[in-house]
Amino acid sequence: MNMKKMALAACIVAAGSFAASADQARVNPFLQPSYGTVYDIPPFESISYDDYIPAIRQGIAEREAEIQAIIVNRATPDFDNTILAMEKAGRTLSRVMRVFGALNETDNSPEMEAINAEISPIISAASDEIMMNPQLFAKVKSVYDRRNDMGLSPAQIKDVEDTYTEFVRAGALLSDTDKAALKEVNLKLSDLYLAFNRNLLSATNAFRIVVNDPKRLSGLPESSVAQAADAAREAGLPEGNWVFTLQAPSRLPLLQYADDRELRREMYEGYVNLASSGEYNNGPVINDIVHARARKAALLGYPDYASYMTANVMAKNPAAAEDLLMQIWRPAVKRVGEEVAEMQALADKEGAGITIAPHDYYYYAEKVRRDKYALDEDEVRAYFAIDNVRKGIFTMAEKLYGVKFVEMPEAPKYHPEVKVYDVLDTDGSHLAVFMTDYFPRASKRQGAWMDEMQGSFVDPDGTVQRPIVFNVGNFTRPAGDTPALLTLDEVETMFHEFGHGLHGMLSRAALRSQSGTNVDRDMVELPSQIHEHWALEPELLRDYAFHYKTGEVIPDSLVAKLQAASTHNQGFTTTELAGAALLDLKWGALNPAAGEQVDAVAFEAKVAADLGMPSQVQFRYRSPYFRHIFGSDGYASGYYTYLWAEVLDTDGFELFAEKGIFDPETAASFKKNILEAGGSVDAMETYVRFRGHKPSVDALLRNRGLIDDTHDTDIHQKGGK
């Protein structure tokens, strides 16, 4: 298990334990040398709840023994017997936690919650014992001090430096008293993240709107009405009822198309107040998280938590991240004013007698789009049946990188809706396993993501392990005889998560800690976001966008409308995204006094006022459901990375646009320098190797239609326009 994954309790874990009533004679799949399946895919049907705890406890014990062997080794510390040995430690723990983490997010249950609650603090404590072990750190420091005199490769030197930094950031240099205090804080944060996620899932599932008057459905697409009818039947309601939930495929069409303004308001208020009061209120949890994070930053010698979280990534400090965001924020807010004026003019023309409010934005933005571009998204969706879009991402990968995807219908899968693929390299050899899980269910958390059930590496003895990668979404389900027809946002999301998947599948980095998506946090979104650009490229659309009824390819006239409308509503989209990123940084900068109660709603209101947030726009995520930053520490003080990476991806795609979107030389360079390299090379260095120069924020602004000039501003330059 590589050291970067040791903080499993905060990231892929949501662990807790279920009291095991284990059958002593039963073979635990996690404790075998191999699963005995094709490509060693986890045998999901053979795994029971009772398997997790024994495997996790044995995995922790095995890792402790392996770490102890490193400590007592009398040989002079070197890369192989210290750094690489640590990376290889904990194989059993890694394999069980990867499976548990994946299933806990996608197919949660009370039993999984119980396992989660019990084991998470155990894993957190075990990881702290390793990262704060003075004898182990002494060996790491010995290698670190001699790293340039040991004949190591650049990737190995970087791994040594990263490992040393990770130990220091985990508290290796602290006094025994402060180490004990830090361990206590880490345990507290582990419990708080569990509480936040539990409240969020429960609050999401508890909310629903029941409509029993068909007149209130006016304006909604037939597919949305059909899904709401299906949801009502599943809820046991009689015919003539329709149920809408906070899941995106239910929520967004209602906000975008429902003529009933009160219905839109009810849905909007339900969403923006999610987990903000009552039984599942995350406000007190956020208060405790902020206090604990401030304490952690202080123990580690940082002025605030945002400074701690940005110190070892590309941004280096919160000021650089905020500077980038403000360069984007100003033109975005200006555009919001123009968009609202257009909406208000249209509402006035129709005699609506209203002033545009937040719950009107989606609805009138769609009306303006239809009015300006004669573009009806319901018409567009007919060309994006989910199987066609899946074909699109696979075609893109084959044209760019030469890889093929062959479905394995008999392969193990953790849910009947999962599809599994054998990914073949250009020579036909096995490259990776890829899984897709695209539809919402009550046991799955909201959103879309990529992760791995098995990472990749190449050991010095020649042992090679290829990855098992999966993509998860919450896309529109089929309705009746109609297949799942995706919105443009869902299409781009599928391409986005597949880009993350390619980062994992194509990795050639030898070291576990540097393979795939193990890169700087503000670099990790580059592969995902750059691949979104191909989704609506005419050359690729001709290969995958076919009408689900007629089989006809999407017409050039409709493609032209899509391109003309590509920057429509970007003021709103950019403002809510940049606003959320700025809110995140402000949370990270907060150092409340001991005993001070932090009111999340009041804090948000102050941030919005200080920023001059337009009244018609809300943060993309309100704090009580801002899972990126309060459900773990994965994106805490790091939500800005989506826009930071967009600076990279828009600048990078301009090279593809110049050379040809499937230009072999450009694709080969991106594959080698970005996708295959992983974290084996400094993030900015890998980008410059591919692009030939450092990126500028202006590429992002051009792509979003927020500027039209060609003056470039380097993302590391202070100020901006």
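F656 is listed as a side-chain neighbour of W534, based on a closest heavy-atom distance under 4.5 Å. In this structure the side chain of Q446 reaches within 4.5 angstrom of the side chain of T204, judged on heavy atoms. Taking the side chain as every heavy atom from C-beta outward, L536 and Q563 never approach each other to under 4.5 Å. Considering only heavy atoms from C-beta on, Y438 stays 4.5 Å or farther from T493 through its side chain. In this structure, E525 and L648 have side chains that are not in contact, with every pair of non-hydrogen atoms separated by 4.5 Å or more. Inter-residue side-chain proximity for W644 and L324 is flagged as met; some heavy-atom pair is nearer than 4.5 Å.
Looking at K334 and E338, a side-chain N of the basic residue comes within less than 4.0 Å of a carboxylate O on the acidic one, giving a salt bridge. Between K215 and D260, no side-chain nitrogen of the basic residue sits less than 4.0 Å from a carboxylate oxygen of the acidic one, so the salt-bridge criterion is not met. Using a 4.0 Å cut-off between charged side-chain N and carboxylate O, K367 and E350 make a salt bridge. Salt bridge absent: E339 and R335 never bring a charged side-chain N and a carboxylate O closer than 4.0 Å. Salt-bridge formation is not detected for the pair R216/D213: no Lys NZ or Arg NE/NH1/NH2 atom is positioned less than 4.0 Å from an Asp or Glu carboxylate oxygen. E417 has a carboxylate O that lies under 4.0 Å from a charged side-chain N of R477, or vice versa, which qualifies the two as a salt bridge. Between R704 and E646 there is a salt bridge, since a side-chain N of the basic residue sits under 4.0 Å from a carboxylate O of the acidic one.
A donor and an acceptor atom, one from each side chain of E497 and N471, are nowhere located under 3.5 Å apart. Side-chain atoms of D437 and T106 form no donor-acceptor pair, as typed in the model, at a separation below 3.5 Å. A side-chain N or O of D259 and one of S218 form a donor-acceptor pair less than 3.5 Å apart. A side-chain donor-acceptor contact under 3.5 Å links E604 and S623. Side-chain atoms of Y383 and N388 form no donor-acceptor pair, as typed in the model, at a separation below 3.5 Å. Side chains of H547 and E552: no donor on one and acceptor on the other come within 3.5 Å. In summary, the side chains of Q227 and S250 do not present any donor paired with an acceptor at a separation below 3.5 Å, with no hydrogens or angles considered.
Judged by the 6.0 Å distance and 45° axis criteria, K671 is not positioned over the aromatic ring of Y401. Seen from the ring of F244, R208 does not count as a face-on cation partner, given the 6.0 Å and 45° thresholds. Geometrically, R627 does not engage Y621 in a cation-pi contact, judged by NZ or CZ lying under 6.0 Å from the ring centre and within 45° of the ring axis.
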Working note: Y268 + Y362, criterion ring pair (Phe, Tyr, Trp, His ring centres under 6.0 Å); need CA distance, chi angles, decisive distance, verdict. CA-CA 10 Å; Y268 183 83; Y362 286 93; 7.7 Å; no
Begin from the C-alpha positions of Y635 and Y642 and carry the test ring pair (Phe, Tyr, Trp, His ring centres under 6.0 Å) through to its verdict. CA-CA 10 Å; Y635 278 86; Y642 283 97; 5.4 Å; yes
Apply ring pair (Phe, Tyr, Trp, His ring centres under 6.0 Å) to Y421 and F394, showing your working. CA-CA 11 Å; Y421 299 87; F394 291 167; 5.0 Å; yes
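Listed here is the closest heavy atom pair of P221 and D378: CB-OD1, 3.5 Å. In terms of heavy-atom proximity, D107 sits nearest to S443 at OD1-OG, 2.8 Å.
Within a 6.0 Å radius of CD in E262, more than 12 heavy atoms belonging to other residues, nucleotides or ligands are found.
Between the side chain of R264 and the backbone N or O of A258, at least one donor-acceptor pair lies under 3.5 Å. Under the 3.5 Å distance criterion, the side-chain polar atoms of N273 are left unmatched by any main-chain donor or acceptor of S276. N205 places no side-chain N or O within 3.5 Å of a backbone atom of S202 that could act as its donor or acceptor partner.
Listed by chain and residue number, N104, M112, E113, L201 satisfy the side-chain contact (heavy atoms from CB on, under 4.5 Å) test with N108 (two or more places apart in sequence, or in another chain).
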